[in-house]
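Nothing fancy with the numbering, it's 1 onward along the sequence.
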Amino acid sequence: MKTGNSRKIIGTALCLCAAAIVGCNDESDFEGITGTTSGIGFEVTLKGGEGAVAQTRSTLGTTAFEGGTFDSGNLCLRTTVTENKENPFTAAKSRATTLTVSSLSTFSVYAYAYSSEESWNNSPETNLYIEEGTVTQNGSLWAFDPARYWPSTDYRLAFFAYAPTSLGDVADGSLEVSLDVTSNLPQIAYTVPSSYDEQKDLVVATVTDQTKSESSVSLEFNHILTAVQLKCGSVPEGTISSISFSGIQGQGTYDLAKGSWTLESETTTYEIEGTFTATDNTKILTGNYTLMLLPQRLGEDAAITVTYTPDGGEEKTLKANLRQTDLTDNEQEWEPGKIVTYIFSQEE
């Protein structure tokens, strides 16, 4: 796709056409072509979808915990990675850890119009046709509110969708969508809230080269964050009172057209405090305790710290580097759309 100043406005005719059709529901005149006005609707799915098989990457080596020596053995950190295949558009949750298809009732859309004789990747001129339009669900139908209509078949549309549309009332963190000053295409500037219960799952969808149709436009949403979880393997029974992930990048900008993140270099720490019972094969940070963090290549300082008290013993602070010792630098990554599960366990 061309960038720079290549995304130009097609002309006043399309702009006037777009303005005219917002308020009508029967017929309109598009560039001299009279036709029935068709409202734009969507069919929403999630990549992987319900019923899809989650692909699991094998456990990737071990990293020893500093201070993790007990009479029963040494504690270490293992890692598994699975696909995040939850559907952001089912059953509502108190916080949108991993969104599901009815836990979200709205999303926002940017649409760009260009000549039907061109493809999105080759079109030298496009017009911002819909700016941050709101799409809501009514039964099985997803449609703009207020309604938005197709231009004539002389034009194609490219759609860029994202959800949620805001973080709501949070102590810190931010989600702001704007148009890039160079390309005029949408981008999401995101700062991850420090508190796990204010972190959201972000999903996006892109579809291009769409023409006027009575059928719904298919939007396949993708998770663009990494879900981070912790569970116990084989451990001495005890209590965990805090878990923190440090040396983690927490600010970045997502380009909806390119489908990629650009992260700020500054790092931060995400901490969860509570009382968690540590026994064999116990889930500690899952469900509503899941962290939703930015995909990134883990740096040398990326670490997990666990405050752990074995039954009948003294409290210990255990720390392990998140970089796995037997992986290459390119493999030391949290990937978008994945669930990274760290396993707190004794060495085998």
Asks: Does one side chain, of D197 or S195, offer a donor that lies under 3.5 Å from an acceptor on the other?
Replies: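 Yes, side-chain donor-acceptor contact under 3.5 Å.
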
Asks: For the side chain of D209 and the backbone of W120, is there at least one donor-acceptor N/O pair under 3.5 Å apart?
Replies: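 Present.
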
Asks: Is there a donor-acceptor contact under 3.5 Å linking the side chains of Y114 and N122?
Replies: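 No, N122 and Y114 have no side-chain donor paired with an acceptor closer than 3.5 Å.
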
Asks: For the pair T286 (side chain) and K283 (backbone), establish whether a donor and an acceptor sit closer than 3.5 Å, ignoring hydrogens and angles.
Replies: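 No, the answer is negative, given that no donor and acceptor are paired below the 3.5 Å cut-off.
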
Asks: Do side-chain atoms of Q296 reach the backbone of Q249 as a donor and acceptor pair under 3.5 angstrom?
Replies: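 Answer holds: yes.
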
Asks: Taking only residues two or more places apart in sequence, or in another chain, which ones meet D172 in a side-chain contact (heavy atoms from CB on, under 4.5 Å)?
Replies: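 side-chain contact (heavy atoms from CB on, under 4.5 Å) check on D172 returns P193, S194, E198.
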
Asks: Looking at residues at least two apart in the chain, or sitting in another chain, which of them share a side chain to side chain donor-acceptor pair (under 3.5 Å) with D180?
Replies: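 Residues passing side chain to side chain donor-acceptor pair (under 3.5 Å) with D180: S183.
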
Asks: Donor-acceptor pair, distance only, cut-off 3.5 Å: does the side chain of R156 make one with the backbone of E118?
Replies: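 A pair under 3.5 Å: yes.
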
Asks: Looking at residues at least two apart in the chain, or sitting in another chain, which of them share a side chain to side chain donor-acceptor pair (under 3.5 Å) with Y254?
Replies: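 Here no residue qualifies.
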
Asks: Rounded at 0.5 Å granularity, tell me how far CD1 in I304 sits from CZ in F65.
Replies: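 Reported to 0.5 Å precision, the distance equals 5.0 Å.
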
Asks: In the structure I gave you, are the side-chain heavy atoms of L77 and I343 within less than 4.5 Å of one another anywhere?
Replies: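 SC-SC contact between L77 and I343 ruled out.
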
Asks: According to side chain to side chain donor-acceptor pair (under 3.5 Å), who are the partners of T282, at least two apart in sequence or on a separate chain?
Replies: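 By the side chain to side chain donor-acceptor pair (under 3.5 Å) rule, T282 matches T279.
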
Asks: State whether a side-chain donor-acceptor pair under 3.5 Å links T45 with E220.
Replies: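 Per modelled atom types, T45 and E220 side chains form no pair under 3.5 Å.
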
Asks: Could you pull out all donor-acceptor pairs under 3.5 Å where a side-chain atom in residues 232-243 meets a protein atom, sequence neighbours excluded?
Replies:
unit_1, atom_1, unit_2, atom_2, d
S242, OG, T307, OG1, 2.8

Asks: State plainly whether the residues K319 and E66 are in salt-bridge range, i.e. N to O under 4.0 Å.
Replies: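 Salt bridge: no.
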
Asks: To the nearest 0.5 Å, what is the distance between CG on L175 and OG1 on T191?
Replies: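 Going from the CG atom of L175 to the OG1 atom of T191 covers 9.0 Å.
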
Asks: Would you please name every residue forming a side-chain contact (heavy atoms from CB on, under 4.5 Å) with T253, sequence neighbours left out?
Replies: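 Residues passing side-chain contact (heavy atoms from CB on, under 4.5 Å) with T253: Q187, A189.
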
Asks: Is any side-chain heavy atom of I339 closer than 4.5 Å to a side-chain heavy atom of V81?
Replies: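 Result no, sub-4.5 Å side-chain heavy-atom pair not found.
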
